[in-house]
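Notes to accompany the following structure.
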There are 2 protein chains.
Amino acid sequence: MDTLASMTPENPVLPLRERKKLRTRQALIDTALELFGEHGFDRVTLDQLCESVEVSKRTFFRTFSSKEDVAAAPTQDLWTAFLEVLEDHPPQGRPLVSLYEEALVEAIGRMPSDTWAQRALASRRLAARTPSMDAHGLAFCNRVSREAAAVTERRFTLDSAEKGTAEEGIAALRVRLALDMLLSAFHQALAAWVAQPAGHTREDLTRRLRAACAELPGALAATAEPRGEEAVR
Amino acid sequence: MDTLASMTPENPVLPLRERKKLRTRQALIDTALELFGEHGFDRVTLDQLCESVEVSKRTFFRTFSSKEDVAAAPTQDLWTAFLEVLEDHPPQGRPLVSLYEEALVEAIGRMPSDTWAQRALASRRLAARTPSMDAHGLAFCNRVSREAAAVTERRFTLDSAEKGTAEEGIAALRVRLALDMLLSAFHQALAAWVAQPAGHTREDLTRRLRAACAELPGALAATAEPRGEEAVR
DNA sequence: TAGATTCTGCCACTGAGTGGCACAAGCCTA
DNA sequence: TAGGCTTGTGCCACTCAGTGGCAGAATCTA
């Protein structure tokens with residue numbers, strides 16, 4: 001075994017240098033979320049953050065690509081896990097969207113149990129009131145969508161429901177649409193999860209994700225009537 | 001009438017001051033797309049751009065909120081028109097997604113005929129190879145989605161396909177999901193449109209949008225089979 | 001044409017992000 | 001365990017996006 005405290009799930013014994021790197025990385029994330037959460041994202045300078053962690057700004061940028069990046073780490077870890085799961089999943093021939101849904105649920109399950117939910121919550125609360133963080137997160141998700149589409153193409157063949165119609169570009173298009181549906185459902189689920197007053201557990205997030213995905217067919221089929229007070233022109 | 005040349009569709013005679021503003025705005029957009037297109041987005045400084053247009057940097061930031069903003073203007077104009085259409089549309093009780101689709105088609109039709117397509121093409125080509133522009137565009141779309149949801153809630157009531165199940169939060173959720181489906185379809189259509197070698201007209205974009213929207217049900221229903229070469233573990 | 005309003009240019013400043021170089025800490029082989 | 005080798009770090013100077021303030025010029029109003 002190791003020295004009790006300093007053990008991350010996936011490194012029984014990792015080269016000391018690597019462990020140090022991971023430790024400063026984690027310290028940066030935690031301190032960033034704390035400082036940003038208290039004073040606001042753009043009222044805390046990188047110099048202040050770096051000073052708190054006793055790290056040079058140069059080192060910061062070797063670990064994270066931007067100021068937004070450090071605060072978005074929890075969500076990005078989740079999506080990285082999602083991609084991993086998608087590679088390794090022994091998947092059934094079920095609807096594509098459900099496949100993605102299960103992969104994401106599995107990825108949520110892989111996050112470090114208690115700490116992750118708290119960090120994710122702090123991160124998303126911050127993103128909700130910081131436009132640049134929001135933009136950064138969306139761009140990241142978009143990249144994930146592209147990569148997941150590539151994985152899908154490599155690991156699966158598409159059987160569309162009505163057979164024979166699945167031509168070349170159509171299949172690729174459907175994959176991207178299906179992925180974006182999952183992303184959309186997840187974002188709505190996440191927003192609702194963040195907004196709730198208490199009980200921010202992974203299980204609860206999973207539950208909300210499932211609920212949002214279940215509404216996808218309803219959303220596609222829903223019809224709208226104009227409100228009555230409107231006069232016909 | 002007016003002096004022939006200087007007439008924008010929506011201002012028969014607008015106060016001189018306003019016209020000047022619009023003219024510098026347009027000059028900034030055109031020059032930006034030209035310079036960025038030739039040398040790359042981040043190899044052109046704002047100072048260079050401002051000097052080309054003979055405008056101070058201070059003035060630039062009174063017209064646009066960021067460097068990305070000026071280059072994304074064509075797409076943003078489209079979405080602004082989309083929101084306007086959504087307000088004024090005399091809509092049928094058709095599926096919500098179709099309603100949005102028609103509104104967007106109408107919005108595309110409202111763009112200045114020839115010039116817009118060229119500008120939009122240049123803008124998107126640029127966005128495809130400039131991460132920060134991509135992020136900016138996604139964030140903007142997300143804001144549009146929120147606003148469109150608000151408009152929907154104000155102007156329509158939702159009749160979900162299976163009656164009785166449309167409760168409070170569910171309706172709002174479905175609206176957002178439906179909107180994101182449209183956004184996703186549009187993004188895929190736009191990407192394909194930009195990628196094609198020639199013939200970048202509004203009509204062609206509309207056609208691609210319709211095709212992408214038509215695939216939404218197929219994307220939701222599509223099933224995937226794992227590729228054969230994979231051994232069962 | 002005078003006076004109020006609004007837009008613009010200039011200037012100085014903050015803060016994010018980058019490149020280069022010297023140094024130190026972890027790593028590997030004998 | 002001492003040597004060199006590799007790799008991460010700190011410091012410094014620099015570019016560039018974006019902001020605030022103020023003086024002056026252009027537009028609008030009467």
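Computed from a prediction, not measured in an experiment: that's the story for all the values here. Chain A is the first sequence line, chain B the second, and so forth, proteins listed ahead of strands; every chain is numbered from 1.
Two residues, B/Lys20 and A/Arg17, neighbour DNA chain C, and the one matched to the more 5' nucleotide by heavy-atom proximity is B/Lys20.
Straight-line distance from the CD atom of B/Glu68 to the C1' atom of D/dA17: 9 Å, rounded to whole Å. Across the protein-nucleic acid pair, B/Lys21 atom NZ and D/dT27 atom P stand 14 Å apart, rounded to whole Å.
Looking at B/Ser145 and B/Arg176, their side chains do bring a donor and an acceptor atom within 3.5 Å of each other.
Atom-to-atom distance recorded for B/Ser66:OG and B/Met133:CE is 9.5 Å, nearest 0.5 angstrom. We find the CD-OG1 distance between A/Glu147 and A/Thr152 to be 11.5 Å, quoted to the nearest 0.5 Å.
Contacts between residues 41-65 of chain B and DNA chain D, defined by a heavy-atom separation under 4.0 Å, are made by B/Val44, B/Thr45, B/Leu46, B/Lys57, B/Arg58, B/Phe61.
Between the B/Thr24 side chain and the B/Lys21 main chain, a donor and an acceptor come within less than 3.5 Å of each other. With B/Ser184 contributing its side chain and B/Asp180 its backbone, the two residues share no donor-acceptor pair below 3.5 Å. Using modelled atom types, no side-chain atom of A/Thr130 and backbone atom of A/Ala127 make a donor-acceptor pair closer than 3.5 Å. A donor-acceptor pair under 3.5 Å is absent between the side-chain atoms of B/His136 and the main chain of B/Ser132, judged by distance alone.
Under the 4.0 Å criterion applied to side-chain N and carboxylate O atoms, A/Glu34 and A/Arg119 are not assigned as salt-bridge partners.
Between B/Trp79 and B/Phe82, the ring planes are perpendicular. Angles over 60° get that label, and only those under 30° would be called parallel. Taking the six-membered ring where tryptophan is involved, the planes of A/His200 and A/Trp193 are perpendicular, since the angle between them exceeds 60° and thus also 30°.
Annotated stems with DNA chain D as a participant read C:4-25 with D:6-27, given as range with range, by first number; only runs of 3 or more Watson-Crick or G-U pairs under 3.5 Å qualify.
Chain B approaches DNA chain C over the interval C/dT5 to C/dC10, counting the first and last nucleotide 5' to 3' with an atom under 4.0 Å from its heavy atoms.
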